[in-house]
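Per chain, numbering begins at 1; letters A, B, ... match sequence-line order. Quick note: numbers below take in every heavy atom, side chains included, and nothing from hydrogens, waters or symmetry partners.
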There are 2 protein chains.
Amino acid sequence: MSAGGDHNKCENKDLLAVRDALEVLHGKWKLQILIAVLNGTKRFKEIGKEVEGISDRMLSKELKELEMNELVRRKVIDAFPPVVEYSATPHTRSLHPVVEALKVWGYLHRKKIIGGVEDRG
Amino acid sequence: MSAGGDHNKCENKDLLAVRDALEVLHGKWKLQILIAVLNGTKRFKEIGKEVEGISDRMLSKELKELEMNELVRRKVIDAFPPVVEYSATPHTRSLHPVVEALKVWGYLHRKKIIGGVEDRG
DNA sequence: CTCATTACTTACCTTTTGTATAGTACTTAC
DNA sequence: GTAAGTACTATACAAAAGGTAAGTAATGAG
């Protein structure tokens, strides 16, 4: 819950910026939801399918927070079986470099630390 | 706790990579600690001062996890009042693009969403 | 003996996140 | 009348993340 709220106090400007970003993007699901939406406008259930493991409750909650921060746009289509579409905004698209960097580093990390360690599962 | 563990299952390769990254970097503190260490080798208390608000308990816990993932190097100097130095590794430095992207986006987000909304405090 | 110092650890508590299950609203299909 | 379909909301409860406060080891200062 922090659309325009919670002003971090911090001497180091860069750390402050990262804190601000983290505050909006934190948690297990937000980035994943954003990636799904960045890949095209989707409905509630579609996002739920793409982001494996997320429950309705969480998806609903996260979507609400993302909407408050202008990171998704919610459009209700007044049809019968309810239709709600979620789409990316310009602000979502400005996240592209973050997502890309995370993606690249994720691959790298898997190769270096995770890859090759096949015990456990 | 996931050095080389917890292999995410996921159809979408990119989502998987981001999940992997998130798994290691998740939480309120890890990135901040990493930024502090990236700015130079530091001792326990020094990191604690730079990362405002973190408690000893959290710092100790996070440092341990980061070490397991080769994201910090821990060096104990056998002196009296204990001296332990934490430094960046090549793997930490490979995170640079992630940190940069987050920093840039954090500034952007503050201007767009946080900045100008001065009610609430 | 007591205090301060350093890098932690331990115990306890609150908040956040997550799971499971059921229910609402409304219309079409059977 | 009942089931299916859609986007949620409600409730209860378990687990994880995070916060606060205090304790530990070892030694030099007072």
Return the minimal non-hydrogen interatomic distance between [X] and [Y], and the atom names on each side.
X         : Y         : result
Leu16(B)  : Arg110(A) : CD1-NH2, 3.8 Å
Lys103(A) : Glu100(A) : NZ-OE2, 2.7 Å
Leu102(A) : Leu22(B)  : CD2-CD1, 4.0 Å

Specify the separation, in whole Å, of atom [atom1] of [X] and atom [atom2] of [N].
X        : N       : atom1 : atom2 : answer
Ile54(A) : dG18(C) : CD1   : P     : 7 Å
Lys75(B) : dC8(C)  : NZ    : P     : 15 Å
Met58(B) : dA7(C)  : CE    : P     : 19 Å
Lys28(B) : dT16(C) : NZ    : C1'   : 11 Å
Lys49(B) : dT6(C)  : NZ    : P     : 8 Å
Glu52(B) : dG19(D) : CD    : P     : 14 Å
Ile33(B) : dA7(C)  : CD1   : P     : 14 Å
Ile77(B) : dT5(C)  : CD1   : C1'   : 16 Å

task = Without swapping roles, check the side chain of Lys112(A) against the backbone of Leu108(A) for a donor-acceptor pair under 3.5 Å.
result =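 Checking the backbone N and O of Leu108(A) against the side chain of Lys112(A), no donor-acceptor pair under 3.5 Å is found.
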
message = Grouping I, L, V, M, F, W and Y whenever their side-chain heavy atoms are under 4.5 Å apart, do Val104(A) and Leu95(B) come out in a common cluster?
response =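 They do not share one cluster, since no chain of ILVMFWY contacts under 4.5 Å joins Val104(A) to Leu95(B).
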
Taking N or O atoms only and anything under 3.5 Å, show me the protein contacts with nucleotides 8-11 of chain D, one pair per line.
| unit_1 | atom_1 | unit_2 | atom_2 | d |
| --- | --- | --- | --- | --- |
| dC8(D) | OP1 | Arg74(A) | NE | 3.3 |
| dC8(D) | OP1 | Arg74(A) | NH2 | 2.2 |
| dC8(D) | OP2 | Tyr86(A) | OH | 2.4 |
| dC8(D) | N4 | Asp56(A) | OD2 | 3.2 |
| dT9(D) | OP2 | Ser60(A) | OG | 2.8 |
| dT9(D) | OP2 | Lys64(A) | NZ | 3.4 |

Tyr86(B) and Phe44(B) aromatic ring geometry - parallel, tilted or perpendicular at 30°/60° bounds =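 Tilted: the ring planes of Phe44(B) and Tyr86(B) meet at 30° to 60°.
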
task = Report yes if a side-chain nitrogen or oxygen of His26(A) is closer than 4.0 Å to either non-bridging phosphate oxygen (OP1 or OP2) of dT16(C); otherwise report no.
result =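 Looking at the OP1 and OP2 atoms of dT16(C), neither is under 4.0 Å from any side-chain N or O of His26(A).
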
ask   = Reckon Trp29(A) has a side-chain N or O less than 4.0 Å from the OP1 or OP2 of dG18(C)?
value =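 For Trp29(A), the contact criterion (side-chain N or O under 4.0 Å from OP1 or OP2 of dG18(C)) is met.
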
At a cut-off of 3.5 Å, list every protein nitrogen or oxygen paired with a nitrogen or oxygen from nucleotides 25-30 of chain D, distance to 0.1 Å.
none

request  = Can you tell me the pairing partner of dC30(C) across any strand shown, Watson-Crick or G-U wobble, with both distances under 3.5 angstrom?
outcome  =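 The base-pairing partner of dC30(C), which may sit in any strand shown, is dG1(D).
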
ask   = Would you call Glu67(A) and Lys64(A) a salt bridge, using N to O less than 4.0 angstrom?
value =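 No.
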
inquiry  = To the closest 0.5 Å, what do you measure between CG (Leu71(B)) and OG (Ser94(B))?
reply    =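 Answer rounded to 0.5 Å: 7.5 Å.
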
ask   = NA contact type, Gly53(A), heavy-atom cut-off 4.0 Å: base, sugar-phosphate, or nothing?
value =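 Gly53(A): backbone/sugar contact only, no base atoms under 4.0 Å.
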
inquiry  = Please confirm whether the ring centroid of His91(A) lies under 6.0 Å from the ring centroid of His109(B).
reply    =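 His91(A) vs His109(B): aromatic centres under 6.0 Å.
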
